[in-house]
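On a predicted model such as this, the values are computed, not experimentally measured, just so you know. Counting begins at 1 with the first residue of the sequence.
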Amino acid sequence: CGGCYGPTTHVEHVRHVKRMQPSASNASYGPTRELEWGQLNFLHTTDTHGWLEGHLKEGNYGADWGDFVSFSKYMKQKAREIGVDLLLVDTGDLHDGAGLSDATTPDGAVSNNVFEKVDYDLLTIGNHELYVAEVAYQTFSQFSKFWGDKYLTSNVQILNNETNEWEFIGQKYKYFTTEHGLRIMAFGVLFDFKGNANISKVIHADTLVAQDWFQDAVNYTEPVDLFLVLGHNPARVDQSSGSTFGIIHDAIRKAHPRTPVQFFGGHSHIRDFAVLDDSTTSLESGRYCETLGWLSMSGFTKCSSGWRSTSNPKGVPNPSRKATVNSTSPYKYARRYLDWNRATFDFHAVSGKHEASFDTPLGEETTSAITTYREQLNLNKIYGCAPQSYCMTCTDFNSTGNIYPLLANALATVVVNETRKEIPRYIIANTGSIRFDLYKGPFTYDDFFIVSPFTDVFMYVPDVPCSLASSVLGRLNKAGANEKRNLGYMPIERDICVDPITAPLGARDVFDHVHSDAAVTRRQVVDLVAGYTTKDDFGTDGDDTAHSEIPHYSVPDFFQGEGGFDEGGCSGTADLIFLDFIQSDVLAILGSGYSASDVGYYINSTFTTRDYLPLFVEQSDLFQSGMPNCTTS
Ligand SMILES: O=c1ccn([C@@H]2O[C@H](COP(=O)(O)O)[C@@H](O)[C@H]2O)c(=O)[nH]1
Ligand SMILES: [Zn+2]
Ligand SMILES: [Zn+2]
């Protein structure tokens, strides 16, 4: 019906978008190169954050978890047919980012069941499994038990509330032999996370590598053909990444100078592939079910390893690159970042084989289960109509197309304690509390979680002198977020500076283009759909589908709303409101005259970052004027 929406037509529209993904048969868009298959191959997911429905508003990332269930099954069959090993691995962060994972209590109550339909070989834990005690216990008592010895948490423990003993949430390590004879020692290592609920413990990497059990595993009594390290940990090991992979790598290398080590990382939400030495590489596969990572390697021989199949599979391309130019190691590698859509899965599965589809019964059941859960959770319910799209980084931080000015307005409008509403207030939030762009058109219950999924409470210090209160935001941004400083973690900014006026495809156009249902159709005009344009240690050919570049503008660590001021601005005192998540940052800025005893709940203990956007959307003319016939055009 030409883009009109009601509660029912919206759902139909969403399904339609999902199935209308770029067609592999259209040569001008989508993958064009077969995957290189080696002796040992991996499919890697990370930072899925509940996006198991796929991206309902972006066809390019529109496959759902059922599609992945089917595709991964197909790929395992293919590996068997050509006589090689394929391992499916995940590196954590399953919650906080979409309604399917976050609209239940606790988070993950239904999405974990959906996630478990994929036949993973190894998994590890993310920091988002540890912020909230209830979620950490669910991970320990259910998720970890479901996966058994495949769930590796080499440095994460929990206080067992039945025995009152500290226990590893999963297994410390796993030694196993692949179908074709490779003997692998695997670990799962979370970065040195400090924000975990206090019923859990994260053992820092330098302590971990000194522990007896770890040394025993590295110096194992049985032969090891490859060390496999999964980690919720940036793939790239440099001083600014906060990754602890370097420490693990050094510890393994001390005992084994030449044995291959393969890392799979996550957490920084990027596509990346780093070479650590001649026989060590590290892959990171993006975020939010936008990317499926592929890594393949060859070079194992029957005399020097347990390998007992062909040296390179026939009838398919094989990995052809040494890790370093002057490498003397026998190992060759290939890596690829697959866009998460059915056309991509189709291309790498059934295209050219005259088969109707790669769907399996379990995949289709999984898709149906997602639809049912979404209906039960009312995720499709429309609460408002966004008059335009607002992005996090594709336009300048202060521009009208950016999400932060809108949210600053939302904070100012609805974060109000009725008994203090006449008192001027600054409301400060971390920009990291916002997780995704907001799209023009129907704004659903799901979208509340997609944009602002956390349950960070609004705290405040009353009656702060204006001269001090008004300086806090600027000083916070100058100092940077505590969490990042502790980690040495700097967000990895792409080195792009695009002027939206002069860029060949201007920022505004790119944004519309990326976020429009018509994006795929418009490829005839712009040739490529905007998306990832990855540069990594192997160069620029990692993206399975070529994209045009999306402008990227940096954002400060914090933003604020301001309310209750008269024309004269702040004179006298103001309420300084902030999220509990950033309380330590704010107190550090306020200085020695203030402590935690000055801080209270601004509204109450349950009013959180999940609540202010729904209130704003329901109250604001901006979001209500397009209702009930909200359109995206
Ligand atoms: O309660 C919370 C928890 C997290 N954040 C933000 O999320 C990132 C971490 O997310 P990853 O997916 O692990 O990268 C953290 O740095 C905060 O910016 C939050 O705002 N509130
Ligand atoms: Zn994450
Ligand atoms: Zn993370």
Side-chain angles (χ1 to χ4, degrees), residues 49-50 95-111 127-139 161 195-200 376-379 381 383-384 407-421 423 425-436 443-462 483 558-561 563-564 575-587 596-620 623:
H49 286 285
H95 312 105
D96 301 326
L100 198 68
S101 59
D102 304 348
T104 56
T105 308
D107 289 3
V110 302
S111 61
N127 51 306
H128 284 266
E129 280 76 81
L130 296 173
Y131 281 112
V132 175
E134 204 183 356
V135 171
Y137 277 123
Q138 172 209 49
T139 306
N161 46 15
N196 49 310
N198 63 5
I199 47 81
S200 63
Q376 286 168 355
L377 295 169
N378 279 319
L379 296 180
K381 187 172 174 193
Y383 282 81
L407 296 173
N409 182 16
L411 289 173
T413 310
V414 301
V415 182
V416 185
N417 175 333
E418 279 304 308
T419 65
R420 301 184 69 83
K421 66 179 177 195
I423 302 170
R425 57 192 180 276
Y426 294 100
I427 311 117
I428 302 180
N430 55 318
T431 50
S433 68
I434 303 306
R435 301 288 276 189
F436 205 67
F443 197 78
T444 64
Y445 184 46
D446 198 15
D447 293 321
F448 292 132
F449 298 99
I450 284 173
V451 174
S452 182
F454 299 118
T455 50
D456 298 330
V457 181
F458 288 91
M459 314 302 290
Y460 83 125
V461 177
E483 213 195 5
F558 303 92
F559 70 109
Q560 85 180 2
D575 282 346
L576 185 68
I577 302 154
F578 47 85
L579 303 178
D580 59 354
F581 188 73
I582 59 169
Q583 179 167 320
S584 61
D585 303 76
V586 172
L587 286 176
S597 62
D598 298 306
V599 179
Y601 295 117
Y602 180 63
I603 292 176
N604 57 43
S605 63
T606 61
F607 188 80
T608 74
T609 37
R610 270 193 198 166
D611 299 309
Y612 76 101
L613 190 55
L615 268 182
F616 180 71
V617 164
E618 284 185 311
Q619 287 177 14
S620 134
F623 280 80

Enquirer: Run the side chain to side chain contact (heavy atoms under 4.5 Å, CB included) test on F616 and N409 for me, step by step, so that the C-alpha distance in whole Å, both residues' side-chain angles and the decisive distance to 0.1 Å come before the verdict.
Expert: CA-CA 9 Å; F616 180 71; N409 182 16; 3.8 Å; yes
Enquirer: Using side chain to side chain donor-acceptor pair (under 3.5 Å), reason through T444 and D446 one step at a time and then give a plain yes or no.
Expert: CA-CA 5 Å; T444 64; D446 198 15; 5.0 Å; no
Enquirer: Is a side-chain donor or acceptor of S452 paired with a backbone partner of T609 at a separation under 3.5 angstrom?
Expert: yes
Enquirer: Is the backbone of H49 close enough, under 3.5 Å, to the side chain of H95 for a donor and an acceptor to pair up by distance?
Expert: no
Enquirer: Determine yes or no for a side-chain-to-main-chain donor-acceptor pair under 3.5 angstrom, with Y602 supplying the side chain and N417 the backbone.
Expert: yes
Enquirer: Please walk me through it: do V617 and F448 pass side chain to side chain contact (heavy atoms under 4.5 Å, CB included)?
Expert: CA-CA 10 Å; V617 164; F448 292 132; 4.0 Å; yes
Enquirer: Just verifying a value: how many Å separate L377 CG and L100 CG, rounded to the nearest 0.5 Å?
Expert: 7.0 Å
Enquirer: Please name the pair of heavy atoms, one in M459 and one in L579, separated by the smallest distance, quoted to 0.1 Å.
Expert: CG-C, 4.4 Å
Enquirer: List for me each residue that meets salt bridge (charged side-chain N to carboxylate O under 4.0 Å, His left out) alongside D102, sequence neighbours excluded, and say none if there are none.
Expert: none
Enquirer: Where is the tightest heavy-atom contact between G108 and S111, given as atom of each residue plus distance?
Expert: CA-OG, 3.2 Å
Enquirer: Is the backbone N or O of T105 less than 3.5 Å from a side-chain atom of E134, with the two atoms forming a donor-acceptor pair by type?
Expert: no
Enquirer: Is there a ring-ring contact (aromatic ring centres under 6.0 Å, His included) between F454 and H128? Walk through the geometry before answering.
Expert: CA-CA 10 Å; F454 299 118; H128 284 266; 5.7 Å; yes
Enquirer: Rounded to the nearest 0.5 Å, what separates atom CD1 in I603 from atom OH in Y612?
Expert: 12.5 Å
Enquirer: Assess the residue pair I577 and L411 against the criterion (side chain to side chain contact (heavy atoms under 4.5 Å, CB included)); give the C-alpha distance rounded to whole Å, side-chain angles, the decisive distance to 0.1 Å, and a yes or no.
Expert: CA-CA 10 Å; I577 302 154; L411 289 173; over 6 Å; no
Enquirer: Check whether R425 reaches the backbone of A412 with its side chain - one donor and one acceptor, N or O, closer than 3.5 Å.
Expert: yes
Enquirer: The test is side chain to side chain contact (heavy atoms under 4.5 Å, CB included); show your working for D611 and F458 and say whether it passes.
Expert: CA-CA 10 Å; D611 299 309; F458 288 91; over 6 Å; no
Enquirer: Not counting sequence neighbours, which residues clear side-chain contact (heavy atoms from CB on, under 4.5 Å) with S584? List them please.
Expert: N482
